[in-house]
Each structure stands twice: as C-alpha cells, then as structure tokens.
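Written out below as structure tokens is the structure these notes cover.
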Protein chains: 2
Amino acid sequence: MVEDVVRTLGFLCMGSRLRRIGERLQADTQQVIDEAGLSIQAGQYPFLAAIDRAGPLTIGELAQAVGITQPGATRTTGQLLELGYVDMQPAPDDQRRRLVSLTDKGQELVDHSKKVIWPRIAAAVADLCGDFDGPILEQLAAIEDGLAVAPLARRSPVKEEG
Amino acid sequence: MVEDVVRTLGFLCMGSRLRRIGERLQADTQQVIDEAGLSIQAGQYPFLAAIDRAGPLTIGELAQAVGITQPGATRTTGQLLELGYVDMQPAPDDQRRRLVSLTDKGQELVDHSKKVIWPRIAAAVADLCGDFDGPILEQLAAIEDGLAVAPLARRSPVKEEG
DNA sequence: ATTTAATTCATAACATGTTATATAACATCC
DNA sequence: GGATGTTATATAACATGTTATGAATTAAAT
C-alpha cells in the first residue's frame, strides 16, 4: 500500500485535497440523484437553485451566484436549455443581457428536488461532516473570506526586504 | 450583488464548494510558484514529492499516492518526462510496470522546493486555515475516512423498508 | 452625432479530472 | 505448455473548469 502523499503533506497540498474531496462528494451526490431517477447533473443544480431563489438571472449573475467564470455559466446554461429546464430571452432594456428563467418543467424539478432529494443529500453530507467538533461550514466560509482579503501569495511571503 | 448560492445552500453544495475552494487555492499556489520562477505546475508537485518520499514508483502507485485515477497519472507522468524531471524504465521483474524515478534535475527541484517554496506555501495555507478553532486537516481526514466507510448514497437514505 | 470605450455573452483553445476500452505482459489451469 | 484470465499501462472520448479573445450592444466623450 502506497502512502497518500496529498494527505501526508497536509497544508502544502490543501488545494489538491479539497478538490479531490469535492470531486468525490459530487460523484457521490450524482449517485443519489441517479438512484432517484432524475436526469440532471449534480453540477447543474446550483444554477436552478439560484434562479429559484432570486428569480430570472443573467448569465453573468448566474456565474457569480454559483462561483464560476462566465464561459462556464454559458455552457451549463446551454445544457439546461437543451434539457428544457430553463428558458432564455434578451433583457428588455439591454439586448446584451440574456435573462435565464425556469420553465415549468424546471420549476417542477426544483420543487420535487426540494422535497425529496435535497434534504436527503444535505442530511447525508451533514452525517458525514457534522459530527466533528469544528463547524466545517463556518471554517470554509472563513477560508473563502480569507482568500478574498489576501491571496496566498500575500501571506507569509519570503522576507525580501531587509 | 448576487447571492452566493453554493455558500447559502451549505451542506447541499458541499462538493461544489470544496472543489471551488480547492481550485482557488491551487491557482493561488501556482502564483507563488510562478513568482519564485519555477517552471512546474502545482498539480505536478505531489508526483515529485511522492517519488522523493518513497523512491521510484510505478504509474499505478503514483496514481494511488496522489489520489487520482491511472490515466491521470499516466498523463502527468508524461508531462514530467517532457520537462525532464523524471525518468521512466520498465521494472526489471515485470515488463508491464514502468518505474518512474526522479532525474538529477527533478531531485534538485524537489530539494530546492523543500527549502524555499514548500514551507512558504504551507505557512500561507496554515495562516489561512489554521487560526480557527477546529483543526481542519483532521476534519478533512475524517471526511475522507467517512467516505471510504460509507458513500453518501448509503447515509441517511430515504426509508425504503418499513 | 459620430467616434471611442466599456460591458455582456459566445466561442476557441487549453488543463486536468473522469470512464471505457485496447494492448501487452504476466499468471494460471487443465 | 498453450488457452484463458488478470493486471498494468496507454489511449480515446467526454466533463467541466480555466484564460484569451471576438462580436454585438450600450455608454460616454468630444
């Protein structure tokens, strides 16, 4: 059995490790979704949830809401259009913006998911994470806030001045 | 300003969120590496570190060590070969296995990184994460162990039996 | 008012993960 | 000891993130 270096190296490989765990969690989440017979990707859910919460959003707002870049939001929105879960139309006051809204089918999926799938996923993840003393969600929030305040490159830099 | 749904939804979007933070951390790490004038990708470091710690490893062992699948290990090893940091030769006893070892150039990079870059990155990440009460590395270990014991789909499932 | 700059989304090219599958080498079993 | 299965790696196809850049529309400026 080979040593898990990412784990061994601790803070040094924190980025790789978070990504790795995130990918694993999302794959597991996908399994729950698939077992429920829903045809949607785990990564597409936050888009629907964002529109459900805030009403129709533009591509740029969706990107912000789910925390990815605009081209990623464009692509996923295109997929959701194909699937018939969202509709898109130019904003009346600004032809550059595209307002993305839920279709009836999309709203139904969201409503059903809120009742059946999302609580189950949240409970399973809480079961996985929540039993430890430190409240991990708050820690993640603090990390995100910390990164916004100062990126790694500005933290504990090598002393360059005398 | 648009609400950050991934953050708002908490445990439900834990996978997306960990991935997102991991990507951000790795991008930041890359910046530190670039500023130090080293020509290597952040994601390639764990491979070199694994060989440095354990001695020559096969492709499969590397995949295990860094926690990705074998095709990913094959690709990254190919890149490290191109860069001249590793060398590859068939295992003497089993021609299917390829033993990947550090070249002199690779060993120099590792030695230099251990002195100059890695401590800096680890310190910066610790600065970012370490100040909160819960020891996040232990929590991540517990999450990984928990996933190995039972995937999400087997946690808090919908009651199907009576 | 026409030119210039800024904004919004789309698209291309790339990075790096995945799954599925092919190929070569080793192991096993009558 | 040759057929059959298993294992290790490579490769193809895909998923989903990124950066860089182009096209259309709006805003600003002289």
Side-chain angles (χ1 to χ4, degrees), chain A residues 2 6 15-31 33-34 40-47 57-64 66-83 86 88-100, chain B residues 2 6 15-31 33-34 40-47 56-83 86 88-100:
Chain A
V2 182
V6 169
S16 292
R17 193 157 177 206
L18 289 174
R19 262 180 63 165
R20 185 170 89 175
I21 301 174
E23 273 158 16
R24 172 70 198 276
L25 265 186
Q26 215 158 2
D28 272 30
T29 301
Q30 190 63 53
Q31 198 187 335
I33 294 168
D34 292 345
I40 186 155
Q41 297 302 116
Q44 297 169 342
Y45 257 140
F47 286 77
L57 294 172
T58 66
I59 296 282
E61 288 168 335
L62 276 172
Q64 260 193 278
V66 307
I68 63 170
T69 56
Q70 170 261 310
T74 296
R75 182 189 299 166
T76 300
T77 301
Q79 295 167 346
L80 292 170
L81 260 171
E82 287 279 316
L83 290 166
V86 303
M88 204 158 97
Q89 54 188 50
D93 56 319
D94 186 340
Q95 299 290 313
R96 291 170 303 180
R97 302 187 180 190
R98 306 297 186 81
L99 273 173
V100 184
Chain B
V2 182
V6 170
S16 294
R17 194 158 176 205
L18 289 175
R19 260 180 66 165
R20 185 171 89 173
I21 302 175
E23 274 160 16
R24 171 69 197 276
L25 265 186
Q26 215 159 3
D28 272 32
T29 301
Q30 190 63 54
Q31 198 187 336
I33 295 168
D34 292 345
I40 187 156
Q41 297 304 114
Q44 297 170 340
Y45 257 140
F47 286 76
L57 293 173
T58 66
I59 295 282
E61 288 168 334
L62 275 172
Q64 261 193 276
V66 307
I68 63 172
T69 56
Q70 170 262 308
T74 295
R75 182 188 299 168
T76 300
T77 301
Q79 295 166 345
L80 291 171
L81 260 172
E82 286 280 317
L83 290 165
V86 302
M88 204 158 97
Q89 55 189 50
D93 56 320
D94 185 341
Q95 298 290 314
R96 292 171 302 180
R97 301 188 181 190
R98 307 297 186 80
L99 273 174
V100 184

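Every chain is numbered from 1 and lettered A, B, ... according to where its sequence line falls, protein lines coming before strand lines.
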Working for side chain to side chain contact (heavy atoms under 4.5 Å, CB included), residues B:Phe47 and B:Ile40: CA-CA 11 Å; B:Phe47 286 76; B:Ile40 187 156; over 6 Å; no

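At a cut-off of 3.5 angstrom, the base of C:dT7 holds at least one donor-acceptor pair with the side chain of A:Arg96. The base of C:dA10 sits with one of its N or O atoms less than 3.5 Å from a complementary donor or acceptor on the side chain of A:Gln70. Donor-acceptor pairing under 3.5 Å, judged by distance alone, is absent between the side chain of B:Arg20 and the base of D:dG17.
Comparing A:Gly60 and A:Arg19 by the nucleotide of DNA chain C whose heavy atom lies nearest to each, the residue mapping closer to the 5' end is A:Gly60. Residue-to-nucleotide proximity on DNA chain D shows that, of B:Glu61 and A:Gln79, the 5′-proximal contact is made by B:Glu61. When the nearest nucleotides of DNA chain D are assigned to A:Asp94 and B:Glu23 by heavy-atom distance, the more 5′-ward of the two goes with B:Glu23. Sequence order on DNA chain C of the closest nucleotides to A:Arg97 and B:Pro71 puts A:Arg97 first from the 5' end.
You'll find that the side chain of A:Met88 is closest to C:dA10, out of C:dA10, C:dG17, D:dA10. Of all nucleotides listed (D:dT9, D:dT26, C:dA10), D:dT9 comes nearest to the side chain of B:Ile59. Listed nucleotides: C:dA20, D:dT25, D:dA20. Nearest to the side chain of A:Gln95: D:dT25. Looking at the side chain of B:Thr69, the nearest of the listed nucleotides D:dA10, C:dT18, D:dT18 is C:dT18.
Distance CZ (B:Arg75) to P (C:dT19): 13 Å, rounded to an integer number of Å. Note: CZ (B:Phe47) to C1' (C:dT16) measures 10 Å, nearest angstrom. Taking atom CD on A:Gln41 and atom P on C:dG17, their separation rounds to 20 Å, with Å as the unit. If you take CD1 of B:Ile33 and P of C:dA15, they are 16 Å apart, rounded to a whole angstrom. Rounded to whole angstrom, the span from the CD atom of B:Gln89 across to the P atom of D:dT9 amounts to 14 Å. Spacing between atom CG of A:Leu99 and atom P of C:dT8 amounts to 12 Å, rounded to whole angstrom units. If you take CD of B:Glu82 and P of C:dA15, they are 12 Å apart, rounded to a whole angstrom. Atom OH in A:Tyr45 sits about 15 Å away from atom P in D:dT16, given to the nearest Å.
Residue A:Arg98 places at least one side-chain N or O under 4.0 Å from the OP1 or OP2 atom of C:dA10. Phosphate proximity of C:dC9 to A:Thr74: absent, as no side-chain N or O sits under 4.0 Å from OP1 or OP2.
Here the CD atom belonging to A:Glu23 is positioned 10.5 Å from the CG atom belonging to B:Leu18, to the nearest 0.5 angstrom. Rounded to the nearest 0.5 angstrom, A:Ile33 CD1 and A:Gln41 CD are separated by 7.5 Å.
Residue B:Val100 forms a side chain to side chain contact (heavy atoms under 4.5 Å, CB included) with just one option from B:Leu62, B:Leu81, B:Leu80, and that option is B:Leu62. When each of A:Gln26, A:Gln30, A:Arg24 is tested with A:Asp28 by the rule side-chain hydrogen bond (donor to acceptor under 3.5 Å, both in side chains), just one qualifies, namely A:Arg24.
Put simply, the side chain of B:Arg98 does not reach to within 4.5 Å of the side chain of B:Thr77, judged on heavy atoms.
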